[in-house]
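All heavy atoms count here, side chains included; hydrogens, waters and symmetry mates do not.
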Amino acid sequence: MSKIVAAILTKNEKRHITDCINSVQWVDLVLLEDSFSTDGTVEVAQGLGTIVFQSRFINFAVARNNALRNAKSLGAEWIFFVDADERVTPELAREIQRVVAEGAKSGWWVPRYNVMWGHTRRGGGGSPACQLRLMKIDAARYDPEREVHEVVILDGEAGILREHLIHYNYDSLEHFRDKQNRYIDFEAKILRDKGVRTKPW
């Protein structure tokens with residue numbers, strides 16, 4: 001079996017990190033790519049046997065490329081990215097182990113159900129949304145120009161898994177608004193850096 005590392009990007013995710021790490025205990029190693037959390041995230045993760053790397057947060061693409069490099073330094077062949085507010089089901093874990101053992105593709109898209117205000121969205125457009133999260137480390141890198149909603153550049157073919165991640169992304173309307181405002185800032189910076197200017201209308 002090829003060595004798999006689960007990588008989690010964090011900044012003050014103490015409330016989520018235990019459940020997230022517990023859902024990926026089937027991998028060979030769990031790696032935390034942390035942006036200097038101050039709420040105890042790192043201490044909790046280390047208590048669960050997680051290997052922690054820390055660096056200043058620049059953008060999501062840089063953070064994921066750092067995780068790829070650090071996973072490779074640990075001798076891993078595959079990396080599975082999971083966010084702190086996501087959970088891996090046992091069914092998804094078994095499917096990932098199977099496709100990694102087969103080694104037929106360079107990467108895999110993972111369907112994801114979003115849980116909003118306690119309700120799981122299973123339709124209505126955008127659900128399940130697929131994320132390219134499982135990949136051979138030597139075949140993957142993130143486009144540095146995509147600072148948020150980052151894009152994988154994959155050398156080789158990618159397949160689509162059947163089982164789902166569970167994403168606890170919005171606890172409340174206020175949480176939704178705060179998260180969207182952060183994304184707006186990132187997207188506006190991307191447009192500004194490309195020379196795009198807004199029009200009055």
Closest heavy-atom pair and its distance - [X], [Y]:
X: Thr41; Y: Glu13; result: OG1-N, 2.8 Å
X: Ala67; Y: Ala7; result: CB-CB, 4.2 Å
X: Glu163; Y: Leu92; result: CB-CA, 3.6 Å
X: Asp83; Y: Arg64; result: OD1-NH2, 3.1 Å
X: Val88; Y: Ser23; result: N-OG, 3.1 Å

Residues at least two apart in sequence or cross-chain that pass salt bridge (charged side-chain N to carboxylate O under 4.0 Å, His left out) with Glu86, listed by chain then number, are Arg112, Arg133
Does the distance from a Lys or Arg side-chain N to an Asp or Glu carboxylate O, for [X] and [Y], drop under 4.0 Å?
X: Lys14; Y: Asp19; answer: no
X: Glu95; Y: Arg162; answer: no
X: Arg15; Y: Asp39; answer: no
X: Asp155; Y: Arg141; answer: yes

*asked:* Please check: side-chain N/O of Asp28 versus main-chain N/O of Ile4, any donor-acceptor pairing under 3.5 Å?
replied: yes
Would the distance check show the side chain of Lys3 and the main-chain N or O of Leu74 forming a donor-acceptor pair, the cut-off being under 3.5 Å?
yes
The complete set of side chain to side chain donor-acceptor pair (under 3.5 Å) pairs with one or both residues in residues 100-111, sequence neighbours excluded, reads Arg98-Glu102, Lys105-Glu157
Practice task
Applying side-chain contact (heavy atoms from CB on, under 4.5 Å), run through Leu134 and Val99 and close with a yes or a no.
Solution key: CA-CA 10 Å; Leu134 176 66; Val99 299; 3.8 Å; yes
| same_hphob_cluster(Leu31, Val110) at 4.5 Å side-chain heavy-atom cutoff | no
With Tyr142 as partner, the option from Ile153, Leu68, Val151 fulfilling side-chain contact (heavy atoms from CB on, under 4.5 Å) is Leu68
Task: Test item: side-chain donor near acceptor, His167 and Asn114, under 3.5 Å - done: yes
* Asked: Among side-chain atoms of Ser73 and Asn70, is any donor-acceptor pair under 3.5 angstrom?
  -> no
Within 6.0 angstrom of Ile160 CD1, more than 12 heavy atoms from elsewhere: no
